[in-house]
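Each remark here refers to the structure printed beneath this line.
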Amino acid sequence: MDIEKKIASELGIQRWQVEAVVKLIDEGNTIPFIARYRKEKHGSLDDEKLRVLDERLRYLRGLEERKETILASIEEQGKLTDELRAQILAAETLVTLEDLYRPYKQKRRTRATIAKEKGLEPLADAIFDDQTIDPSVIAADYTDEEKEVLTITDALTGAMDILAERFSDEAEFRTEIRCMTWEDGKLVSSEKTGRGSASDGSDENDADETAERSSKRTVNKPENKKLAERKSVYETYHDFTSPLKKLQGYQVLALNRGEREKFLTVKLDAPEERILKWLGKQLITDYDNSVFESIDGKNIDDLSKSAKGLIMLTIEDSYKRLIAPAIERELRAELTETAEDGAIRVFGKNLTQLLMQPPIRDQVVLGWDPAFRTGCKLAVVDGTGKVLHTVVVYPTAPQNKVDETKQIVKKLIDKYGITLISVGNGTASRESEMVIADMLREINKPVHYVIVNEAGASVYSASKRATEEFPEFDVGQRSAVSIARRLQDPLAELVKIDPQSIGVGQYQHDMNQGKLSEALGAVVEDCVNHVGVDLNTASASLLEYVSGVSKPIAKNIVAYREANGKFHSRKELLKVAKLGPKAFEQCAGFLRINGGSEPLDATSVHPESYAAAQELLKSVGFDDEELGSGLVGLSLVTKNREELSEKLGIGVETLNDIIEELEKPGRDPRDEMPKPILRGDVLEMEDLKEGMVLKGTVRNVIDFGAFVDIGVHQDGLVHISQLTDKKFVKHPLDVVSVGDIVDVRVLSVDLKKKRIGLSMIL
């Protein structure tokens with residue numbers, strides 16, 4: 001297979017681009033480095049396309065390796081023909097390849113192999129080769145007491161087992177049956193008996209795990225009520241049928257989970273009669289439908305004198321016992337993989353938006369981790385992220401020390417100049433917010449609060465990483481610090497948490513965890529490198545996502561910094577243990593040093609381009625010492641870029657990037673994202689009325705809509721049909737992203753079920 005040609009065709013790019021990227025990958029370059037600093041070589045492909053290219057490259061190379069293994073195995077058996085070799089080499093998927101290999105694969109002991117051991121293969125051949133004979137006559141010659149073939153029926157049964165396995169091993173048959181099943185098959189689900197019936201009404205939206213997690217802010221319920229709620233989640237699927245081709249990803253994942261949790265029975269309804277008749281035409285001489293009809297309710301004894309009847313009966317057995325279960329497993333696995341890939345893409349887009357939320361700089365923030373019995377943990381964090389103070393207050397049940405809490409917080413505001421309160425959205429958040437809003441009305445100062453998604457804060461606070469960072473704090477204090485810092489710099493704080501725990505996806509716990517982890521890790525890596533990292537303040541958790549920096553090297557950078565003080569230049573990185581020239585090449589451009597010995601170290605200009613950048617500055621009358629304030633107007637005096645790039649010995653794309661960076665050195669791409677909504681008062685669900693228009697923050701985007709925080713502690717759902725009336729929406733991500741600030745209209749409020757229906761069509 002011509003891998004480069006195939007990838008180019010799939011991605012709609014030029015072959016030379018694929019060849020260039022493959023060469024760069026094979027040389028050990030990372031995707032962020034290739035995307036940012038090797039644009040000339042691949043024609044400015046973006047990170048996303050490069051990631052897909054890398055993934056397809058690994059898959060197709062694995063496919064070619066598997067072909068070599070299979071060819072060697074079949075050749076060793078002495079069964080490799082030129083035709084089979086050509087078919088194997090032409091296979092474009094692992095499924096097709098394994099179908100071709102199936103007849104030659106080492107099998108466990110089956111009914112067919114047992115029949116062969118009893119010497120019944122010639123009988124099977126005779127019946128199949130001459131379909132006009134009376135099978136019972138020749139079968140009599142194969143009865144053998146020693147081989148436990150006692151009767152004619154025993155002989156015919158063994159022969160049919162051999163034929164059934166032979167039919168099932170035909171790659172051509174499996175390919176056609178798979179296509180027919182996909183075209184006309186349906187997935188059917190019903191409530192599993194023995195688990196009881198659902199307790200109340202529900203719609204398909206409830207089957208989304210994240211819908212529940214992102215919108216719930218309630219205390220734990222009794223176990224029996226939880227079970228009833230779980231049952232109600234799957235009510236939509238108690239009598240559900242959908243063509244395979246029309247199944248949505250979230251439906252597939254919901255069905256899988258319902259089946260796994262034993263709430264649902266799920267099966268594939270294939271066009272069985274059509275498949276059996278098609279197989280009959282392929283395998284029976286002068287086939288007509290009367291042969292198919294003749295086996296209805298019959299067994300081997302009834303058909304022992306009819307070769308065609310026995311073969312048709314064998315076809316039915318082969319399909320039902322061997323082919324259909326395998327096809328069902330394959331198609332459901334394919335549906336699941338497609339659904340997982342879609343869910344991972346959505347998760348990745350959501351995670352990107354969450355990580356790229358703008359930081360709130362230079363403000364003293366009070367992190368508030370709400371709780372009931374154990375009290376609310378507070379942490380005061382200054383503008384640099386340094387923890388100034390921690391305390392526990394008890395404004396919620398059962399203590400209800402509201403006045404005491406207000407006094408403590410007011411003193412903290414006065415002492416440390418707190419301007420923002422970052423409140424986690426978990427248990428007791430509602431009660432905490434009411435206390436905070438009431439207090440802010442009393443103090444009459446420019447202090448606001450923000451509700452932040454605290455997903456993963458508890459995971460981080462109990463982790464080894466948090467223990468190393470704050471050995472003197474307990475888990476509650478660490479969680480409060482995390483809640484404050486994720487408002488100050490979401491990216492720097494959220495990289496400390498396993499991406500799966502951040503809670504902006506759907507069904508993340510139901511999919512291939514290895515694939516999910518790899519994909520989300522790539523998302524975090526792209527975000528970190530897109531923003532850039534301050535070498536002198538970054539944690540090891542942040543540094544390990546920098547291009548070319550492994551976990552051990554990240555720890556070594558921090559250790560070097562602690563032992564020797566701040567880095568004064570990027571070149572100094574070469575003194576860090578295990579950070580060699582290749583790692584330096586990959587990481588240097590993404591690491592920033594402010595106030596160092598080389599002004600360009602504070603920019604995204606790569607050290608390999610310093611000479612060109614300095615010559616550029618001199619040629620237009622600027623000095624690199626002027627970089628701090630930005631060289632406004634640089635683009636105006638650098639008109640003929642092609643001629644200039646040739647003179648400087650760099651590509652036009654690199655020149656464009658250098659000019660853009662020098663005009664706005666150290667710019668943060670996150671500043672272009674919508675800022676979080678600062679609140680000073682609180683709304684209740686009871687305050688909502690149909691038709692009200694409110695401003696909200698998109699918290700999660702899923703296949704069927706988006707959840708929006710409108711400040712009432714219950715995220716409202718904007719269904720995909722309510723996102724816009726300006727165009728057809730294929731996926732909600734085409735319209736909204738996590739972190740977007742949007743205007744919404746209240747459509748419905750269900751206080752009992754705690755559901756809010758919203759519309760962005762105003």
Side-chain angles (χ1 to χ4, degrees), residues 28-30 32-33 355 359 379 381-388 456 459-475 477-479 481-482 484-486 488-499 517 521 524-598 600-604 606-608 666:
N29 296 292
T30 67
F33 178 80
L355 294 174
V381 179
D382 73 7
T384 66
K386 180 182 176 183
V387 181
L388 303 177
V459 175
Y460 161 73
S461 61
S463 68
K464 181 182 177 184
R465 186 171 282 170
T467 304
E468 291 173 351
E469 189 173 5
F470 300 112
E472 73 281 15
F473 290 171
D474 62 27
V475 291
Q477 291 169 307
R478 294 171 194 153
S479 185
V481 173
S482 178
R485 285 181 168 181
R486 65 176 59 189
Q488 292 179 318
D489 192 339
L491 180 59
E493 194 61 26
L494 291 173
V495 293
K496 302 174 185 176
I497 301 166
D498 177 7
S517 181
V524 178
E525 183 182 29
D526 287 342
C527 289
V528 169
N529 289 285
H530 185 53
V531 171
V533 171
D534 188 323
L535 182 56
N536 284 318
T537 61
S539 65
S541 306
L542 188 58
L543 287 166
E544 69 188 42
Y545 283 105
V546 173
S547 167
V549 176
S550 62
K551 284 188 178 182
I553 291 178
K555 289 181 178 179
N556 291 345
I557 290 173
V558 174
Y560 179 91
R561 196 171 66 203
E562 289 172 351
N564 300 281
K566 287 185 175 183
F567 285 87
H568 297 289
S569 73
R570 282 171 169 167
K571 288 180 181 178
E572 201 176 338
L573 278 165
L574 291 167
K575 296 179 181 179
V576 173
K578 298 183 180 178
L579 200 158
K582 186 65 177 180
F584 178 80
E585 177 192 49
Q586 300 298 302
C587 74
F590 302 108
L591 295 168
R592 313 277 192 270
I593 298 175
N594 294 304
S597 57
E598 169 54 70
L600 288 171
D601 283 349
T603 73
S604 66
H606 196 282
E608 66 187 9

Apply side-chain contact (heavy atoms from CB on, under 4.5 Å) to residues Ser604 and Arg592 and explain how you reach the verdict.
CA-CA 7 Å; Ser604 66; Arg592 313 277 192 270; 3.4 Å; yes
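- With contacts defined as side-chain heavy-atom distances shorter than 4.5 Å, the pair Ser539/Glu469 does not qualify.
- Residues Ala583 and Gly548 come closest through the heavy atom pair CB-O, 3.7 Å.
- Residues Glu472 and Val387 fail the side-chain proximity criterion, which asks for heavy atoms closer than 4.5 Å.
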Asn556/Leu579 under side-chain contact (heavy atoms from CB on, under 4.5 Å): CA gap, chis, key distance, verdict:
CA-CA 9 Å; Asn556 291 345; Leu579 200 158; over 6 Å; no
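- Between Lys582 and Glu585, at least one side-chain nitrogen of the basic residue sits less than 4.0 Å from a carboxylate oxygen of the acidic one, meeting the salt-bridge criterion.
- Between Leu355 and Pro490 the shortest side-chain heavy-atom distance does not fall below 4.5 Å.
- Expressed to the nearest 0.5 Å, how far OH of Tyr545 lies from SG of Cys527 amounts to 11.0 Å.
- Two residues are said to be in side-chain contact when any heavy atoms from C-beta on lie closer than 4.5 Å; Gln586 and Asn29 meet this criterion.
- Side-chain atoms of Leu543 and Leu591, non-hydrogen and from C-beta on, do get closer than 4.5 Å to each other.
- A donor-acceptor contact shorter than 3.5 Å is absent between the side chain of Glu562 and the backbone of Ala559.
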Given the rule in the side-chain contact (heavy atoms from CB on, under 4.5 Å) test, do Arg478 and Thr467 qualify, once you have shown the distances and angles that lead to the verdict?
CA-CA 9 Å; Arg478 294 171 194 153; Thr467 304; 3.5 Å; yes
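- Taking SG of Cys587 as the reference point, atom CD1 of Ile557 lies at 6.0 Å (rounded to 0.5 Å).
- Put simply, the side chain of Ser482 never gets that close to the backbone of Ser479: no donor and acceptor are under 3.5 Å apart.
- In terms of heavy-atom proximity, Val558 sits nearest to Ala538 at CG2-O, 4.3 Å.
- Looking at heavy atoms from C-beta onward, Asn529 lies out of side-chain contact with Thr30 at the 4.5 angstrom threshold.
- When atom types are taken as modelled, the side chain of Arg465 and the backbone of Lys496 share a donor-acceptor pair closer than 3.5 angstrom.
- Looking at every heavy atom in both residues, Ile553 comes nearest to Val576 through O-CG1, 4.4 Å.
- Of all the heavy atoms in Thr603 and Leu600, the pair that sits closest is OG1-O, 2.7 Å.
- Nearest heavy-atom pair across Asp526 and Pro32 is OD1-CG, 3.8 Å.
- Taking the side chain as every heavy atom from C-beta outward, Phe567 and Lys575 never approach each other to under 4.5 Å.
- The pair Lys571-Glu598 does not meet the salt-bridge criterion, since no charged nitrogen lies less than 4.0 angstrom from a carboxylate oxygen.
- Between the CG atom in Asp489 and the CG atom in Leu542 there is a gap of 8.0 Å [rounded to 0.5 Å].
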Check step by step if side-chain contact (heavy atoms from CB on, under 4.5 Å) holds for Ile497 and Arg486.
CA-CA 11 Å; Ile497 301 166; Arg486 65 176 59 189; 3.0 Å; yes
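- When side chains are defined from C-beta on, Val533 does not count as touching Phe590, because their heavy atoms never get closer than 4.5 Å.
- A donor-acceptor pair under 3.5 Å links the side-chain atoms of Asp601 to the main chain of Arg570, judged by distance alone.
- Heavy-atom minimum distance, Pro607 versus Gly589: CD-N, 4.3 Å.
- Put simply, the side chain of Arg485 gets close to the backbone of Gly385: a donor and an acceptor are under 3.5 Å apart.
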